[in-house]
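All remarks here apply to the structure that follows.
By convention here, the first residue in the shown sequence is residue 1. These numbers come from the heavy atoms of this one structure, side chains and all, not from hydrogens, waters or symmetry mates.
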Amino acid sequence: MEHGADRDTIGLVTSELVTNAPRAARRLVDDGLVPAWTHPERPVRIGVLATTRWMRLSVTDPDPRPIDPQAVPNNGWGLGIVDTLSAARWTTYDADSKTVHVIVPSPEVE
């Protein structure tokens, strides 16, 4: 089954999410909360679920702290790009991680 979304759109959204995850893991160390990443062999997990109507992308990092919207001017506009290109974005939290999820619809889906 092939997803109908533009490959460049999927690549850009994935790149933005994956770029943010190691930064979040590094902030744990920089802020003195952990001596090293809690998952050093795999600090970032990536998930993809595709249908003909949409693609769900998810990226998990080991920093369970909420995303600070005030930090956007200092950290770029990646989430703004993600929000522009996707139909939905949300974050789920566990005790030792957070996962950012996005839905990218196929172009013909309204």
Side-chain angles (χ1 to χ4, degrees):
M1 164 182 8
E2 184 171 324
H3 183 269
D6 178 66
R7 287 183 174 97
D8 291 335
T9 298
I10 296 297
L12 182 55
V13 170
T14 302
S15 174
E16 292 298 334
L17 294 177
V18 170
T19 298
N20 287 342
R23 288 181 183 160
R26 278 194 304 273
R27 279 193 302 271
L28 282 174
V29 177
D30 294 345
D31 293 347
L33 298 174
V34 297
W37 283 344
T38 55
H39 304 294
E41 71 284 349
R42 194 174 72 189
V44 175
R45 290 187 305 265
I46 301 169
V48 178
L49 176 62
T51 73
T52 56
R53 297 179 53 80
W54 50 264
M55 181 175 288
R56 177 179 166 186
L57 304 167
S58 61
V59 177
T60 301
D61 69 64
D63 185 353
R65 297 176 293 180
I67 297 169
D68 180 5
Q70 301 303 318
V72 168
N74 297 324
N75 292 322
W77 299 100
L79 291 179
I81 292 169
V82 169
D83 290 344
T84 299
L85 297 174
S86 63
R89 174 177 59 92
W90 70 99
T91 306
T92 56
Y93 300 92
D94 290 327
D96 62 352
S97 66
K98 73 175 166 290
T99 303
V100 178
H101 309 264
V102 298
I103 300 291
V104 180
S106 292
E108 56 276 347
V109 175
E110 294 182 19

Rounded distance (nearest 0.5 Å) linking atom [atom1] of [X] with atom [atom2] of [Y]:
X     : Y     : atom1 : atom2 : result
Ile81 : Leu17 : CD1   : CG    : 11.0 Å
Lys98 : Asp94 : NZ    : CG    : 11.5 Å
Arg7  : Ile10 : CZ    : CD1   : 10.0 Å
Thr99 : Asp61 : OG1   : CG    : 7.5 Å
Arg89 : Asp83 : CZ    : CG    : 4.0 Å

With side chains defined as the heavy atoms from C-beta onward, is the minimum distance between Glu16 and Leu79 less than 4.5 Å?
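Not touching, per the 4.5 Å side-chain cut-off.
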Is there a side-chain contact between Val104 and Leu85 in this structure, where contact means two heavy atoms from C-beta onward sitting under 4.5 Å apart?
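A side-chain contact under 4.5 Å is absent here.
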Would you say the side-chain atoms of Thr84 pair up with the backbone N or O of Gly80, donor to acceptor, closer than 3.5 Å?
yes
Verify same cluster id: Val48, Val59 (apolar side-chain graph, 4.5 Å)
yes
Note: Ile103 and Trp54 closest approach over all heavy atoms is CG2-CB, 3.9 Å
Which residue is it: Val102, Thr19, Leu57, Val82? I am looking for the one with a side-chain contact (heavy atoms from CB on, under 4.5 Å) to Thr14.
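Running side-chain contact (heavy atoms from CB on, under 4.5 Å) over Val102, Thr19, Leu57, Val82 with Thr14 returns exactly one hit, Leu57.
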